[in-house]
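Atoms within a ligand are numbered from 1 in the order they appear, just like the ligands themselves. Being a predicted model, the structure only gives us computed values, none of them experimental.
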Amino acid sequence: MTNLSNPIAVIDSGVGGLTVAQELLRQLPREEICYFGDTARCPYGQRSIEEVRTFSFQMIDYLMESNPKMLVIACNTATAVILEECREKLDIPVIGVIHPGVRTAIKATVTGRVGVIGTQNTVQSGLYEEALKQIHPALYVKSLACPTLVPLAEKGGGEETEAIQIVKKALAPLAGEDIDTLILGCTHYPLLSNVIQRVIGDQVQMISSADETAREVSTILFHKNLLSQQFGRPMHRFYTSGNVSVFQQIAERWLNKHINVKQVILDS
Ligand code: DGL
């Protein structure tokens, strides 16, 4: 039987899922989180489907030892590859980040012209476009792979002028598309939201799936009677396959709190 104080497991290829973890901590402050970022093998965006699958399940297997009550695949690339399989294999609720982002964007767009930026794998999967058009067939959707952005986020955003140059170059194909809404279809991108907003302009609203994903977690836990009954601040656990201090630095800045990080080496 699931213990209500069991953690919510969160996985990502690196620090990107922290943008989802941040919202979970804000919306569900009594829930414990155990987070795995596969920083050593990030980015997943251009890896083969089989690699994304194998690596993601290695993280999940590790976190399953903590007996989580729910799993959040806080990575669009992994969501596209393993969400359905996870739902079949695991006997806990599993959610990804693609549908929450789609729902937020549909509510936000006024003109019906939506941009989606993500990793090569996410864009190639076509899942955003499919999910958007399933809800609203008349939408205009322009998808764009931005492979240079994840390495920038993984190093904490880098130096400002360099970051602006990289983002400008990556987003150049969106010029003239006249979108009013841009889905940040990679959980790393909100870490660069200031720079992305500067480049894309204030007339475009950026959509991160973090907020809606955390809301969905909260709804599921509520309806399944799985919300923690314990009062007090839980001890979260963070694991990385890469450098502990780089991960810790980015995570503490983003989450605005001290955290403990442990390195776990996964078999390649
Ligand atoms: N943060 C991930 C995503 O949402 C993965 C980025 C990557 O590893 O390329 O797609």
Side-chain angles (χ1 to χ4, degrees), residues 9-24 35-60 71-83 86 94-102 104-105 115-129 131 143-158 166-167 170 182-193 196 206-214 216-217 238-243 246-247 250-251 254-255 266 268:
V10 182
I11 61 156
D12 179 48
S13 63
V15 296
L18 292 168
T19 57
V20 177
Q22 182 201 40
E23 266 306 307
L24 287 170
Y35 181 103
F36 204 125
D38 193 6
T39 324
R41 298 182 296 195
C42 185
Y44 280 10
Q46 287 113 281
R47 288 189 178 274
S48 70
I49 301 300
E50 203 36 51
E51 274 179 322
V52 173
R53 186 183 165 276
T54 307
F55 295 173
S56 302
F57 273 111
Q58 284 178 337
M59 289 191 280
I60 293 169
L71 169 67
V72 181
I73 306 172
C75 172
N76 293 266
T77 313
T79 298
V81 176
I82 61 159
L83 179 64
C86 270
V94 182
I95 67 161
V97 280
I98 293 182
H99 284 88
V102 163
T104 314
V116 181
I117 52 173
T119 68
Q120 204 165 290
N121 276 335
T122 302
V123 169
Q124 260 168 19
S125 76
L127 284 176
Y128 267 105
E129 197 153 341
S143 303
L144 176 67
C146 299
T148 51
L149 302 192
V150 169
L152 190 63
E154 280 288 323
K155 65 173 188 185
I166 293 174
V167 173
L182 178 65
I183 300 181
L184 306 182
C186 169
T187 52
H188 278 73
Y189 298 170
L191 295 163
L192 305 169
S193 60
I196 296 176
M206 293 188 308
I207 305 294
S208 145
S209 53
D211 185 55
E212 182 79 8
T213 301
E216 192 170 329
V217 171
F238 290 85
Y239 305 100
T240 174
S241 56
N243 184 299
V246 174
F247 183 94
I250 298 174
W254 193 250
L255 302 175
L266 299 172
S268 267

Check: Looking only at heavy atoms of Gly14, does any of them come nearer than 4.0 Å to an atom of ligand 1?
Finding: no

Write down the atom of [X], the atom of [Y], and the distance for their closest heavy-atom approach.
X: Asn76; Y: Gly185; answer: CG-O, 3.0 Å
X: Cys42; Y: Val150; answer: SG-CG1, 3.7 Å
X: Ala78; Y: Ile73; answer: CB-CG2, 3.7 Å

Could you tell me whether [X] approaches ligand 1 through its side chain, its backbone, both or neither, with non-hydrogen atoms closer than 4.0 Å?
X: Thr119; result: side chain
X: Val97; result: neither
X: Cys186; result: both

Checklist line | Enumerated ligand 1 atoms positioned under 4.0 Å from heavy atoms of Cys75 | finding: 2 (C), 3 (C), 4 (O), 5 (C), 10 (O)

Check: Considering only heavy atoms of Cys42, which atoms of ligand 1 have at least one such atom less than 4.0 Å away?
Finding: 8 (O)

If you have a sec, work out which protein heavy atom is nearest [atom] and how many Å separate them, to one decimal?
atom: atom 7 (C) of ligand 1; answer: Tyr44 N, 3.3 Å
atom: atom 9 (O) of ligand 1; answer: Gly45 N, 2.8 Å
atom: atom 10 (O) of ligand 1; answer: Thr77 OG1, 2.6 Å
atom: atom 1 (N) of ligand 1; answer: His188 ND1, 2.7 Å

Notebook entry, point to check: With a 4.5 Å limit on heavy-atom distance, are the side chains of Tyr44 and Asn121 in contact?
Noted result: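 No, their side chains stay 4.5 Å or more apart.
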
Check: Within a strict 4.5 Å, meaning less than it, do heavy atoms of the Phe55 and Met59 side chains meet?
Finding: no

Note to self: Judged on heavy-atom distance to atom 6 (C) of ligand 1, which of Ile73, Val150, Thr39 sits nearest?
What the structure shows: Val150

Next item on the list: Would you mind telling me which of Tyr35, Phe36, Trp254 makes a ring-ring contact (aromatic ring centres under 6.0 Å, His included) with Phe238?
Entry: Tyr35

